[in-house]
Structure formats: structure tokens, C-alpha cells
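To start, the structure under review is shown below, and the notes come after it.
Computed from a prediction, not measured in an experiment: that's the story for all the values here.
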Amino acid sequence: MKYVIGMFFSIVLYGSELDTMDDIVNDIQNLRADYTSCKNTLGEYKVDSLKKEKNNKIFEKEVNNLKNILKTKDIAIENLQNKINILIKNKENNKNTLVLVEKEVLECLDENPFPILMMKKPLSEKEEQFKASSFRLIKNSSIYDSINGNKIAQWEEKSSFTSNTMSENWIKITGFFVDRQWQKSKESLWIKKENIIKR
């Protein structure tokens, strides 16, 4: 009987120790799980911190690059402004010089005892229309681009042409003969009347 009672107490005591041990093991497992979770969280935080630190360094580097670019642009703007100021000063100086030269020239002109000669403009002759007729050169003659204009060709004696416009001293060539074929004149041609006869 003593033996049975001892067994009962040992079972009761041993059972309570087993329960206590189970509780301790469970607590240890929970603590290990919490520890692992905290460690993982801390690792993620460190990674995030490193990433943020890295991003901050990149950002600071970009900011410094932009500051350097801005300084370079400021220097370039200042140089351009200086060039503009120099150009403006030169322009003002040149303008003043031109004004002085102009004044000196005008003063010289005022002191000049001789009158200023003007080129004589040629008198324009009035053109008249008439019935188209044929004409012939009585000598080698110059052909002009207008009345009192520029000499543009030289025609031989006995060359024939047609006209329906003349002025006091000039006649316009409206067409001419090449190998007995009449061709209309494509440009303005004039000849002095003294060099022609009517056919």
C-alpha cells in the first residue's frame, strides 16, 4: 500500500514536472520564433536603411552635379553678358565716331567754295506708236537695251528689222530677219534713227 501511494504521488509529481517541462519547451520555442522574427525584421530594417542611405548618397551626388552645372551656366551667362556690354559700348563709340566724322564732312562741305556738281540725267523721249514697217541699217550700228541705255550688241550694215514704236531719236526693234525668216524680238532692243532707212 505504501508502495501504491508512493507511486501515485510520484506520478502526480512527475506529471506536474512533465507539464512544466512542456510549458518551458513551448516558451523556448515561442522565444526562438520571436527571436527569429525580430532578427528578420532587424535585417530588413538594415537593408532598408542601407538602401535609403545609398539612395541619399546618389541623390546628394545628383544635387552636387546639378549645382556644378548651374555654376557653369552662371559663368557662361556672365561671359555672354560681358560680351554684350562690350558690343554695346563699341556700337556707342562707333556711333559717336560716325557722328563726329559726319559733322567734319558737313563742315568741310560748307567750307568748299566750289558748288557740288550733279550728274545730268538724260532727257527721256516720248515713245509713239505707228503702223509696223520694215527697216534696214545703212551702216554697222550698235544696239541698245533702252533709249539712252546700255550697248548690248553690234549689227552689220544692211541688217533688216521691223518696228512699230519710235521716239524723236530712237526706234524700237520689234522683230528681225534670220535667213529670211522673221523672228519676234524677245527683249527690248533700240537703235538710233540716224543709222536706218525705211524699206
Are side-chain heavy atoms of [X] and [Y] found at a separation under 4.5 Å?
| X | Y | answer |
| --- | --- | --- |
| Glu168 | Lys126 | no |
| Phe161 | Thr174 | no |
| Ile173 | Tyr144 | no |
| Gln183 | Lys186 | no |
| Ile171 | Phe130 | yes |
| Asn195 | Asn140 | no |
| Glu125 | Asn169 | yes |

Are [Y] and [X] linked, directly or through intermediate hydrophobic residues, by side-chain heavy-atom contacts shorter than 4.5 Å (ILVMFWY only)?
| X | Y | answer |
| --- | --- | --- |
| Leu189 | Ile196 | yes |
| Phe176 | Ile197 | no |
| Trp155 | Val178 | yes |

Give me the atom names and distance for the closest heavy-atom approach of [X] to [Y].
| X | Y | result |
| --- | --- | --- |
| Ser142 | Ile191 | O-CG1, 3.8 Å |
| Phe135 | Ser163 | CE1-CB, 3.9 Å |
| Glu156 | Leu137 | O-CD2, 3.6 Å |
| Ser188 | Trp190 | OG-NE1, 3.2 Å |
| Glu194 | Ile138 | O-CD1, 3.5 Å |

Will you find, in the side chains of Glu127 and Thr165, an N or O donor that is under 3.5 Å from an N or O acceptor?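 Their side chains do not contain a donor-acceptor pair, so the 3.5 Å distance test is not met.
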Taking side chain to side chain contact (heavy atoms under 4.5 Å, CB included) as the test, write out the residues that go with Ser146, two or more places apart.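 None.
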Any chance you could measure [X], atom [atom1], to [Y], atom [atom2], to the nearest 0.5 Å?
| X | Y | atom1 | atom2 | value |
| --- | --- | --- | --- | --- |
| Lys192 | Ile147 | NZ | CD1 | 12.5 Å |
| Lys131 | Ser133 | NZ | OG | 7.5 Å |
| Ile152 | Glu187 | CD1 | CD | 4.5 Å |

Among Arg199, Lys198, Glu157, find the one that has a side-chain contact (heavy atoms from CB on, under 4.5 Å) with Arg136.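 Among Arg199, Lys198, Glu157, the one that satisfies the side-chain contact (heavy atoms from CB on, under 4.5 Å) with Arg136 is Arg199.
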